[in-house]
Undergrad: 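Structure below; questions to follow.
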Amino acid sequence: MTSRKPSARARQIAAFKAETEDFGNAFDRERERTRELEQHREEALYEKACASKMRYATKGEALAAIARCEARGTRGLTCYRCSYCGGWHLTSHHYPKRDAD
Ligand SMILES: [Zn+2]
């Protein structure tokens, strides 16, 4: 049994290949765009998590700073080891649910 199916199929394959190439290019562009976005997000994270904050060399210094803040009435602070600079920064930690003290 013969029909026009083979040539229709060949057209389909050609169309599929063209589509796949387009898709590949779009994928490259998307990947490039994603990389730029990640770069910007990374810089924003760095700014927020490190550059804009006070830096403490040790956890002890950070804890002392927290104690000073608490003495002035600022509660809920915690400190973390920064993955950017290796120092310590303070951050306010708000627990969504918290029982009364
Ligand atoms: Zn830092």
Undergrad: Run the side-chain hydrogen bond (donor to acceptor under 3.5 Å, both in side chains) test against E32 and tell me which residues pass, sequence neighbours left out.
TA: R35

Undergrad: I want to check something: taking the side chain as every heavy atom from C-beta on, are T78 and L90 in contact at a cut-off of under 4.5 Å?
TA: no

Undergrad: Among residues two or more places apart or on two chains, list those pairs meeting ring-ring contact (aromatic ring centres under 6.0 Å, His included) that have a residue in residues 32-52.
TA: Y46-Y84

Undergrad: With sequence neighbours excluded, tell me which residues meet side-chain hydrogen bond (donor to acceptor under 3.5 Å, both in side chains) with E38.
TA: none

Undergrad: Does some side-chain heavy atom of I66 sit less than 4.5 Å from a side-chain heavy atom of C79?
TA: yes

Undergrad: Looking at every heavy atom in both A57 and W88, which two are closest together, and how far apart are they?
TA: O-CD1, 3.8 Å

Undergrad: Got a second to check how far L37's CG is from E42's CD, nearest 0.5 Å?
TA: 12.5 Å

Undergrad: Heavy atoms only: give me the nearest C82-A49 pair and the separation to one decimal.
TA: SG-O, 4.5 Å

Undergrad: Which pairs count as ring-ring contact (aromatic ring centres under 6.0 Å, His included) when at least one residue sits in residues 59-82, sequence neighbours excluded?
TA: Y80-H89

Undergrad: According to the side chain to side chain donor-acceptor pair (under 3.5 Å) rule, which pairs have a member within residues 49-72, sequence neighbours left out?
TA: none

Undergrad: Could you pull out all residues at least two apart from R11 that satisfy side-chain hydrogen bond (donor to acceptor under 3.5 Å, both in side chains)?
TA: none

Undergrad: Show me the pairs that pass side chain to side chain donor-acceptor pair (under 3.5 Å) and involve residues 17-31, at least two apart or across chains.
TA: D28-R31, E30-R33

